[in-house]
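Following: one structure in structure tokens, then a few remarks.
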Amino acid sequence: MKNEEEKMHEFIKDFTNAHGSIRKVKGIDETAKVIKISLKTAIIIGIIVAIIVSIPVAIMIYDKMSIVFTRDKESYITKIEKDYRQRLEIIEDNSTNKGNGAIIFKTKKEPIVEFKSVKTVAGGVESYYLEYEGNALNYYIENGPKEIFKGIEIEKTIGGTSINIFRREEFYEYKAYLSKEGYEQIEEGVHQLVELKKFMKEKIKKFEIPLYLKIGDYTSGYDYKQEKTEEEIIEQEKQNYYWYLKNKGEDISFIPEEDLLKIDRPQMLHVYINGEKLVNKKQTEVDKYYAEQDGREYKIVYIVAYYNQDEKYYETDIDDIIRNCDKFQILEDGTSGLSARVKFLYQNKDYEVHWRDRKVHGKKLPYGGNIEFLEQVLKIKLEYDYQNKKVNLIIP
């Protein structure tokens with residue numbers, strides 16, 4: 001006799017076979033479809049409701065994290081007062097009890113200005129954006145010494161940052177320009193901008209508005225944030241304008257010979273190996289790939305060296321020279337991590353390229369820096385040809 005378990009298996013099997021042969025009932029099918037649709041609808045509604053409910057929860061968590069990771073409003077205001085040597089009163093406050101958000105301040109002593117402050121915190125990092133420096137500069141343009149602020153123009157652009165996922169605050173960002181008529185007025189313009197920066201730093205201590213010299217359509221790339229002597233700035237400004245004129249093919253005959261001795265250096269040199277222009281193979285392949293995607297002709301990418309105005313030498317990617325010249329044999333290529341290095345063989349001697357800094361360490365060359373490091377470490381002769389904007393490496 002079959003035991004009870006075997007009987008049950010046979011019953012289930014018979015029932016299943018019989019059910020498979022039963023004709024489907026129209027009403028049952030339709031009901032199943034309705035149930036299926038309703039279930040999908042319920043799931044979608046449930047997801048929407050969950051998202052709606054989670055949004056305020058996320059905002060609450062964000063606000064709580066802000067409270068944990070940022071200073072309170074009082075210490076935030078104290079920091080602004082210390083940075084700018086000011087006393088402040090609040091005109092309008094749209095911030096949290098920690099100061100996150102926007103506050104309109106008014107200063108209690110000179111310069112008397114109103115300005116907007118926007119403070120945010122994300123991932124425990126506090127950031128704030130202030131209109132004070134720009135408004136203070138504008139105040140002194142109108143009320144300061146005429147010889148310092150004459151001709152200064154302020155440019156305002158709108159910036160912005162997110163306070164939370166629903167709220168964004170805008171604020172003004174500032175740049176200032178001094179226009180001069182030509183090369184012969186560069187020294188005069190530099191002197192005025194240097195004096196202006198000194199004046200502003202004495203008045204408000206922390207002054208970082210970028211200042212630029214303009215001559216016609218030319219705007220200098222030097223922003224007067226760096227600490228240099230006036231003579232150094234004058235030389236760089238003259239050289240920047242000289243490069244601008246040369247690139248446009250304009251007349252430079254009016255530049256004094258004594259100036260040309262200091263500034264007559266090309267901004268960029270192409271690197272040659274034994275008279276042949278050195279191609280950056282990897283970057284050329286990259287440009288070729290994207291050119292094919294865009295349906296355009298690709299450009300050959302060459303290795304170049306740029307003039308470092310501060311150090312007065314030409315900088316290049318030494319690593320690219322090693323990789324793209326067949327005079328060097330790559331032995332080991334490890335270019336990731338803190339201990340990144342490339343080992344190579346040159347004239348039966350082992351050398352390295354390192355990423356630690358931009359200095360030479362014995363037989364280890366930095367990944368980039370002064371092109372003359374190649375001469376210093378590898379004894380490679382360099383020939384400069386400023387007229388044709390090239391530097392030729394003589395490699396046996």
Residues in salt bridge (charged side-chain N to carboxylate O under 4.0 Å, His left out) contact with Lys108, at least two apart in sequence or another chain: none

Ring pair (Phe, Tyr, Trp, His ring centres under 6.0 Å) partners of Phe207, counting only residues at least two apart: none

Are any of the side-chain heavy atoms of Leu331 and Phe344 separated by less than 4.5 Å? no

Show every ring pair (Phe, Tyr, Trp, His ring centres under 6.0 Å) that has at least one partner inside residues 224-245, sequence neighbours left out. Tyr218-Tyr241, Tyr218-Tyr244, Tyr222-Tyr224, Tyr241-Tyr244

List, one per line, each side-chain donor-acceptor pair under 3.5 Å for residues 266-278, sequence neighbours excluded.
{"from": "Asn274", "atom 1": "OD1", "to": "Ile395", "atom 2": "N", "distance (Å)": "2.8"}
{"from": "Asn274", "atom 1": "ND2", "to": "Ile395", "atom 2": "O", "distance (Å)": "2.8"}

Report yes or no: is the cationic atom of Lys116 (NZ for Lys, CZ for Arg) under 6.0 Å from the centre of the six-membered ring of Phe171, at an angle within 45° of the ring normal? no

Hey, could you give me the NZ/NZ distance between Lys379 and Lys349, rounded to the nearest 0.5 Å? 9.0 Å

Under 4.5 Å side-chain linkage, directly or through intermediates, the cluster mates of Ile112: none

State which residue, out of Arg323, Lys343, Arg341, fulfils the salt bridge (Lys or Arg N to Asp or Glu O under 4.0 Å) condition with Asp333. Arg323

By salt bridge (charged side-chain N to carboxylate O under 4.0 Å, His left out), which residues pair with Asp310, not counting sequence neighbours? Lys228

Mind checking salt bridge (charged side-chain N to carboxylate O under 4.0 Å, His left out) for Asp93 and listing every partner two or more places apart, or none if nothing turns up? Lys73

Test of understanding: with side chain to side chain donor-acceptor pair (under 3.5 Å), list the residues that count as partners of Tyr212, not counting sequence neighbours. none

Residues in ring pair (Phe, Tyr, Trp, His ring centres under 6.0 Å) contact with Phe115, at least two apart in sequence or another chain: Phe105, Tyr132

Applying salt bridge (charged side-chain N to carboxylate O under 4.0 Å, His left out), can you list everything that pairs with Glu195, at least two apart in sequence or on another chain? Lys198

Kindly list each side-chain donor-acceptor pair under 3.5 angstrom involving residues 362-374, sequence neighbours excluded, with atom names and distances?
{"from": "Lys363", "atom 1": "NZ", "to": "Asp350", "atom 2": "O", "distance (Å)": "3.1"}
{"from": "Tyr367", "atom 1": "OH", "to": "Arg358", "atom 2": "NH1", "distance (Å)": "3.3"}
{"from": "Asn370", "atom 1": "OD1", "to": "Glu372", "atom 2": "N", "distance (Å)": "3.0"}
{"from": "Glu372", "atom 1": "OE2", "to": "Tyr384", "atom 2": "OH", "distance (Å)": "3.0"}

How long is the span from the OG1 atom in Thr316 to the CG atom in Leu393, to the nearest 0.5 Å? 9.0 Å

Under the rule for ring pair (Phe, Tyr, Trp, His ring centres under 6.0 Å), what residues qualify as partners of His361, not counting sequence neighbours? His354

